[in-house]
There are 2 protein chains.
Amino acid sequence: MDTLPGKTVERLSQYRRRLLNLVEENVEYIFSHELAAILHITAVQVRRDLMLLGFSSVYRKGYPVKKLIEVIGQRLDSESGQNVAIIGMGNLGTALASYLTGLRPKLRIVALFDIDENKKGLKIGGVKCYHVSEMGKVIKSKKISIGVVTVPQTSAKKVASQLIKSGIKGILNFTHIPLEVPSDVYLEEYDMITSLEKVAYFVKKKKK
Amino acid sequence: MDTLPGKTVERLSQYRRRLLNLVEENVEYIFSHELAAILHITAVQVRRDLMLLGFSSVYRKGYPVKKLIEVIGQRLDSESGQNVAIIGMGNLGTALASYLTGLRPKLRIVALFDIDENKKGLKIGGVKCYHVSEMGKVIKSKKISIGVVTVPQTSAKKVASQLIKSGIKGILNFTHIPLEVPSDVYLEEYDMITSLEKVAYFVKKKKK
DNA sequence: TAACAAATGTGAAAGAAATAACAATAAAAT
DNA sequence: ATTTTATTGTTATTTCTTTCACATTTGTTA
């Protein structure tokens with residue numbers, strides 16, 4: 001099965017999130033233009049993405065919501081799911097831990113780490129916090145493949161290399177330090193100041 | 001002066017952030033391929049972005065770091081700067097407030113808001129927290145043009161419409177609720193689950 | 001001083017992503 | 001039963017972004 005473009009993966013993730021809300025509201029079918037409106041994109045874009053999934057609508061009713069969620073899952077998720085650790089239980093790490101825990105059955109947050117001995121044993125969203133010195137051990141025993149890095153700048157590189165040494169395969173970096181990873185590790189970096197500066201730039205431009 | 005592509009704006013923000021670190025280390029000049037390596041992109045990409053700024057290097061020495069920071073600033077920042085508010089002082093909002101405060105002289109975090117009366121008067125990074133009921137008043141008096149939304153899902157829409165009513169021109173939305181804004185307001189949405197799902201997808205793909 | 005080397009700046013080409021255009025389909029309206 | 005309408009799926013086109021390729025520049029080396 002072909003690898004989807006990164007942009008499509010992002011949108012599929014968004015579709016699923018919105019669709020899950022719609023299921024709550026007992027919506028059974030949705031038209032491409034409705035889903036598009038929610039995400040501020042075009043209907044063609046939605047249809048094209050779904051085309052890549054080989055997913056079809058029911059005539060004049062739209063796309064069946066539950067079924068679509070299922071198909072997106074088949075494409076995005078790993079069959080047996082993946083285990084995730086969050087490293088750094090400051091404000092950001094704590095926010096992420098409580099938001100992500102239990103959110104996606106196939107992306108299980110199974111361990112938290114912090115350097116502070118006092119946080120050892122603490123539970124956030126039912127997930128246990130370990131001391132960073134236990135990282136290697138826990139990552140292996142819990143078969144963790146993805147690490148979310150939310151530590152202070154100063155320890156970012158050290159934590160990343162520990163993660164890599166422990167055999168992690170994907171890193172989501174929220175620190176402001178650029179990381180280096182070997183080619184078999186997937187790295188995604190996100191920086192909040194960049195988002196804010198982008199908003200600032202386009203606000204400035206709009207004024208003219 | 002022409003509007004830069006969104007992608008270029010993002011990279012310029014990144015360049016500046018890295019360059020600011022380099023200044024600390026007393027680096028005076030940098031080659032395109034060095035800057036590229038830090039950001040995991042190509043040297044051509046860097047040169048092309050800088051070309052859009054009309055910025056030139058010094059032969060055989062590379063780009064002068066301080067001067068480049070200045071030129072990026074001239075292009076990205078507003079001359080008089082912009083004032084920013086963060087709404088929602090949970091873990092995420094608190095993390096953002098302490099990270100962003102004082103980080104960019106032209107992007108001043110000047111007010112925080114929360115619905116919790118107990119947080120009123122609280123200071124994070126020297127910035128005062130107000131009750132949400134004061135939003136309209138404070139936004140106007142402090143001439144705030146950008147709002148960062150980090151409230152719980154349930155109040156996201158209400159907060160956004162209050163912001164818009166108060167005359168805000170840009171919104172950075174960290175909630176998981178899609179917002180609707182009029183065309184004169186710039187909206188940027190960021191969702192952490194999407195980043196994580198993207199990592200998960202490409203980790204899965206790498207395994208094969 | 002001639003050949004070389006290290007980088008740059010940029011036109012042209014390639015690649016990726018988004019949009020337009022439209023035939024196809026089947027329900028609903030006349 | 002014909003026409004109209006709503007919507008899709010997909011091909012073609014356009015636009016946006018990145019990469020290639022190379023002439024250019026000037027310091028360095030032989």
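Chain letters run A, B, ... following the sequence lines, proteins first, then strands; residues in each count from 1. These numbers come from the heavy atoms of this one structure, side chains and all, not from hydrogens, waters or symmetry mates.
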Could [X] and [Y] be called an ion pair, given the rule that one side-chain N must be under 4.0 Å from one carboxylate O?
{"X": "A:Lys67", "Y": "A:Glu70", "result": "yes"}
{"X": "B:Lys206", "Y": "A:Asp184", "result": "no"}
{"X": "B:Glu134", "Y": "B:Lys137", "result": "yes"}
{"X": "A:Glu197", "Y": "B:Arg16", "result": "yes"}

Using whole Å, report how far [atom1] of [X] lies from [atom2] of [N].
{"X": "A:Arg11", "N": "C:dA16", "atom1": "CZ", "atom2": "P", "result": "15 Å"}
{"X": "B:Gln45", "N": "D:dA21", "atom1": "CD", "atom2": "C1'", "result": "16 Å"}
{"X": "B:Leu68", "N": "C:dT8", "atom1": "CG", "atom2": "C1'", "result": "14 Å"}
{"X": "A:His33", "N": "D:dT5", "atom1": "NE2", "atom2": "P", "result": "17 Å"}
{"X": "B:Ile30", "N": "C:dA6", "atom1": "CD1", "atom2": "P", "result": "18 Å"}
{"X": "B:Leu4", "N": "D:dC16", "atom1": "CG", "atom2": "P", "result": "14 Å"}
{"X": "B:Lys7", "N": "C:dA18", "atom1": "NZ", "atom2": "C1'", "result": "12 Å"}
{"X": "A:Asp49", "N": "C:dT19", "atom1": "CG", "atom2": "C1'", "result": "13 Å"}

Using a cutoff of under 3.5 Å, can you pull out all pairs of nitrogen or oxygen atoms linking the protein to nucleotides 27-30 of chain D, with atom names and distances?
none

| task | State whether the number of non-hydrogen atoms from other residues, nucleotides or ligands found under 6.0 Å of B:Glu79 atom CD is greater than 12. | result | no
Between [X] and [N], is there a contact of a side-chain N or O with OP1 or OP2 at under 4.0 Å?
{"X": "A:Ser56", "N": "D:dT8", "result": "no"}
{"X": "A:Tyr63", "N": "D:dG9", "result": "yes"}
{"X": "B:Ser57", "N": "C:dA7", "result": "no"}

| said: Considering every strand and a 4.0 Å limit on heavy-atom distances, what is the contact class for A:Thr8: base, sugar-phosphate, or nothing? | reply: nothing
Quick one: which protein N/O atoms are closer than 3.5 Å to N/O atoms of nucleotides 10-14 of chain D? Pair and distance per line, please.
from	atom 1	to	atom 2	distance (Å)
D:dT11	O4	A:Arg48	NH2	2.7
D:dA12	N6	A:Arg48	NH2	3.3

| message | For a 4.5 angstrom cut-off between non-hydrogen side-chain atoms, does B:Ile69 reach B:Tyr15? | response | no
| message | For a 4.5 angstrom cut-off between non-hydrogen side-chain atoms, does A:Ile124 reach A:Thr94? | response | yes
| query | Mapping B:Leu50 and A:Gly6 to their closest nucleotides on DNA chain C, which lands nearer the 5' end? | reply | B:Leu50
| request: Could you tell me how the ring of B:Phe113 sits relative to the ring of B:Tyr130: parallel (under 30°), tilted (30 to 60°) or perpendicular (over 60°)? | output: tilted
| task | Anything under 30° is parallel, anything over 60° is perpendicular, the rest tilted; go ahead and classify B:Tyr190 against A:Tyr190. | result | parallel
